[in-house]
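Letters go in sequence order (proteins before strands), and every chain restarts at 1. Only heavy atoms go into these numbers, but all of them, side chains included; no hydrogens, no water, no symmetry mates. Predicted, not measured: the structure shown is a model, and the values here were computed from it.
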Amino acid sequence: MSNDQPDPGVEENHLIAERRAKLAQWRAAMPAYPNGFRRDALAADLAATYAERDGAWLEANPVRVHVGGRMMFKRVMGKASFAKLVDRSGALQLFLQTGTLGAAYEAFKGYDVGDILGAEGPLFRTRTGELSVRVERLQLLAKALRPLPDKWHGLADTETRYRQRYVDLLMSEQSRELFRTRTRIVRYLRDALDALDFLEVETPMMQPIPGGAAARPFITHHNALDQKMYLRIAPELYLKRLIVGGLERVYEINRNFRNEGLSTRHNPEFTMLELYWAYSDFRELMELIERLMRGLCDGLYGQRVLKYQGRDYDFGQPFRRVTVADLVCEHNPGIDRARLRDVAYLREQCAALGIACQGGDGAGKLQMEIFEKTAEHLLLDPTFVYAYPAEVSPLSRANDADPFLTDRFEFFVAGRELANGFSELNDPEDQAARFRAQVARHEAGDQEAMHYDGDYIRALEYGMPPTAGLGIGIDRLVMLLTDAASIRDVLLFPHLRPET
RNA sequence: GGGUCGGUAGCUCAGUCGGUAGAGCAGCGCCCUUUUAAGGCGUUGGUCGUGGGUUCGAGCCCCACCCGACCCA
């Protein structure tokens, strides 16, 4: 064991000591962690199968089951007891009597809530009609040395829920259900893309040149090659190489790493769906997102109006489509639309709004600053914002009618960016010029500016078909669809500062 | 980075004006053969986040720091 963190095992209290003493006694008598018990039924399956069967039927048609799970409830009433076992499907009640169990009943009285048990016996119904197992054989499969949180209040402390997710999960069916929903969402997206003949691929997580996004990377080192490597901030440039290679429709769902702060909407590693679609464009991507969002609503909840943090969101109506420039003017009535590309004018406006600008910022960057400060957080209903300036979109195709802009959009819900898509820049000479402009920004001190990726330019020089590309932030999508306030609620193991 | 709130028994939480640190659940002992937050009697358990300071005396007041939540940048 490493010495990087304090060993929580050394903090003993009398509750743990008592359980440890029980384990020692048990260990002396027989193998304490047996692996021979096999289940033949799950709680929810039994409840469903015998839902219509009453006590008399079960008496006349004995159903013998082997069930196992964690004991989450224990009630001893002298010579008879009840307990509840929880398995991955749900909970099932056990009924235990000294008459049928003998010495095993005395042993059961020493078991603790949290222990993992295996039980065997016939099903019956109690006086109140609850389906239960009349236990005839009982086995302790794994001793729980640590006591569980209060069974009524559960685990309320958010820090413990994040640091010890195993405790949160075993205590909270809601927490288990949220992570099942997360998996359903990802599976829906995979199924939908597979049906459109997209190919799921895997591209490097460790990259010699970090590309595809504006972000600070994590840096690591490859010893054998004596080479600096970066954890990827995006898979974009590799996926587009596959489009050059003729795969035409590809996607990847995997982790990106960005060396930035933590917040309710940011985790240093987060999951992104990126897809690239040859012979398509940004408008078809917007249509795809509308279809995917509706499909997710239908599939998960059977309705298209979802509640998020107390507000209703309607995904059944067509999503609003509006340009960056329109939103800047809509939320800043004092700004003169005719001067939206006047750098000196925009600087004045930024200063008036309290926005700090950098020396090399052009009109496009300044527009985005104003947009992010004044409009973005107000985009509650599903909205596509499009016509992003080329200056802030170094990988996007320029608009044919107005090359100041690109054929790019972002998708917002609840004031948050959920997706970013555009018609891809497939002109190798234009791309090389944009990389050079990024390098100049980097040398001027912008740590998020992109590197020049010579191999990517070489790939484009072989010819990339007209292509549309899309990234969807999976964690934020899951937040929206599960009504989670913090990204940490939808990550099994969110990053926290080290425990002290 | 700034602000607000929080950290007290295993868990959930009280703690008055600065004056011997509490409850419920869990645990332990006893009673109880159909319970549903079962019930009855008894009982163990504390580095009050950490370190300083003020005071005769600090869970409480002051300072710094650590961890978390929320808001802002």
## Note on the structure
In 5'-to-3' order, the base (B), backbone-only (S) or no-contact (-) status of each nucleotide in nucleotides 65-73 of chain B, using a 4.0 angstrom heavy-atom cut-off, is -SSSSS--S

### Side-chain donor/acceptor of D150(A) to base of G24(B), under 3.5 Å
yes

### Message
For the C1' atoms, the ones on C63(B) and on C56(B), what distance do you get once it is rounded to whole angstrom?
### Response
22 Å

### Message
Just to verify, what does Y308(A) make a ring-ring contact (aromatic ring centres under 6.0 Å, His included) with, not counting sequence neighbours?
### Response
none

#### Entry: ring-ring contact (aromatic ring centres under 6.0 Å, His included): pairs with one or both residues in residues 145-185 of chain A, sequence neighbours excluded
none

### Task
Compute both the distance and the angle, then confirm whether K74(A) meets the cation-pi test with F108(A): under 6.0 Å from the six-membered ring centre, within 45 degrees of the axis.
yes

### Query
Please give, in whole Å, the distance from C11(B) P to R161(A) CZ?
15 Å

### Query
Applying a 3.5 Å limit to both distances, which nucleotide forms a Watson-Crick or G-U wobble pair with A69(B)?
U4(B)

### Query
What distance, rounded to whole Å, do you find between the two P atoms, one in G59(B) and one in U16(B)?
12 Å

### Query
Going by the angle between their ring planes, with limits at 30° and 60°, are F257(A) and F218(A) parallel, tilted or perpendicular?
perpendicular

### Message
Among residues at least two apart in sequence or on other chains, which ones pass ring-ring contact (aromatic ring centres under 6.0 Å, His included) with F124(A)?
### Response
F95(A)

### Query
NA contact type, G261(A), heavy-atom cut-off 4.0 Å: base, sugar-phosphate, or nothing?
nothing

### Euclidean distance for P, C61(B) against G18(B) (whole angstrom)
8 Å

### Task
Write down the partner of A14(B) under the Watson-Crick or G-U wobble criteria, each distance required to be under 3.5 Å.
none

### P atoms of G22(B) and U47(B), separation to the nearest Å
15 Å

### Task
Using the P atoms only, state how far U34(B) lies from A69(B), rounded to an integer number of Å.
48 Å

### C1' gap between G46(B) and A21(B), integer Å
8 Å

### Message
For W26(A) and Y111(A), take the angle between the two ring planes, folded into 0 to 90°, and tell me which bin it lands in: parallel under 30, tilted 30 to 60, perpendicular over 60.
### Response
perpendicular

### Query
Is G27(B) paired to anything, Watson-Crick or G-U wobble with both distances less than 3.5 Å, and if yes, which nucleotide?
U43(B)

### Message
Measuring centre to centre across the rings, with the benzene-like ring taken for any Trp, is F319(A) within less than 6.0 Å of F411(A)?
### Response
yes

#### Entry: P gap between G3(B) and C65(B), integer Å
10 Å

### Query
Got a sec, which residues hit side-chain hydrogen bond (donor to acceptor under 3.5 Å, both in side chains) with R311(A), two or more places apart in sequence or on another chain?
D381(A)

### Message
Donor-acceptor pair, distance only, cut-off 3.5 Å: does the side chain of N13(A) make one with the backbone of I16(A)?
### Response
yes

### Query
For nucleotides 26-35 of chain B, read 5' to 3', which letter fits each nucleotide if B means a protein heavy atom sits under 4.0 Å from the base, S means only the sugar-phosphate is that close, and - means neither?
SSS---BBBB

### Query
Rounding to the closest angstrom, what is the interatomic distance between C71(B) and G19(B) at atom C1'?
39 Å

